[in-house]
Amino acid sequence: MAATPAHSPYRGRIAPSPTGFLHLGHARTFWIAQQRARQHLGTLILRNEDLDRARCRPEFVAAMFEDLKWFGLEWSEGPDSGGPFVPYNQSERSAHYRAAFEQLKSAGFIYPCSCSRKDIQQSATAPHAEDGEPIYPGTCREKGVQDQADDTTAKVQENWRFRVSDGEAVEFVDGHFGPQRFVAGRDFGDFPVWRHDGIPSYQLAVVVDDAAMGITEVVRGEDLLLSTARQLLLHRALGFAPPAFHHCPLVRDEHGERLAKRHDALSLRALRLSGKTPEALRANWRS
Ligand code: GLU
């Protein structure tokens, strides 16, 4: 498939997850998102991606708003400012995800999977995608959808995966990295869309929200290029026009490793406390 992006009027988003303090890498991606929205005289929204209840903490949400504002980021729609697509906290949007899940289920795009992460990792035939996700060996793929009882409560309490078409090429032109091509079944496999505890996967939630919030361009880190390929398949399955994509090169530490929330010294908070200014932090950036 080749994606045809939807365009104007431009709507971009920044979508942090409050699972730790934001670091310089997040700030750089969000800064580019803001610049692109401004260049297009568009709207920038903030979506709080707080789905992972075990890892998201209220103090990180508060810190996230404070650090982003300190850095100079401004959004016109979000959990604090409201907007036409409320709510902007993913934890309050479960009805949207549930509707998409039902749609995928009735159209036969997804199937329940009882394999644990360990089962998949132990499978001799399971190579890993470049982003570290094991490529699902297909153990539960052929379980007949017909065999499943029509008890939606029971169904929703299982893990569900999206079935990819092995060999299908997913192509898109990235705003920064140019033409991209990934092959389903080789570069990534059947991927999770729903967790047995009722939480949608990152892939499903982000697609549902980007479509519902009218996002025309997604600006995000390079580490999510493969996720974009998976998400394009979800956009198509759900009948959405996909946004355009602009992936940003990752900020790396002095050892060449990508920044993670554990790089406390490079958290915006620590940098601010050490007396750095946002202007000084941005001084060496090229976008
Ligand atoms: N919440 C995701 C993250 O922090 C956002 C990814 C995206 O831009 O889709 O990694």
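Both ligands and their constituent atoms are indexed starting at 1 by order of listing.
Judged by the 6.0 Å and 45° rule, Arg282 forms a cation-pi pair with Phe71. A cation-pi geometry, defined here as NZ or CZ lying under 6.0 Å from the six-membered ring centre and within 45° of its normal, does not hold between Arg220 and Phe245.
Among the atoms of Val206, none of the N or O lies under 3.5 angstrom from an N or O of ligand 1.
Heavy-atom proximity to Glu49, at under 4.0 Å, picks out these atoms of ligand 1: 1 (N), 2 (C), 5 (C). Atom numbering of ligand 1 starts at 1 in the shown order; those under 4.0 Å from a heavy atom of Tyr202 are 6 (C), 7 (C), 9 (O). Of all atoms in ligand 1, listed by their number and element, those nearer than 4.0 Å to a heavy atom of Leu224 are 6 (C), 7 (C).
Residue Val218 does not touch ligand 1, judged by heavy-atom distances below 4.0 Å. At a heavy-atom distance under 4.0 Å, only side-chain atoms of Arg13, from C-beta outward, approach ligand 1.
The pair Lys105-Glu158 fails the salt-bridge criterion, with no side-chain N (NZ, NE, NH1 or NH2) lying under 4.0 Å from an Asp/Glu carboxylate O. Contact check on Arg163 versus Glu142 returns no salt bridge, with no Lys/Arg side-chain nitrogen under 4.0 Å from an Asp/Glu carboxylate oxygen. Using a cut-off of 4.0 Å between Lys/Arg side-chain N and Asp/Glu carboxylate O, Glu77 and Arg11 are scored as salt-bridged.
Taking 4.0 Å as the cut-off, His26 does not count as a neighbour of ligand 1 on heavy-atom distance.
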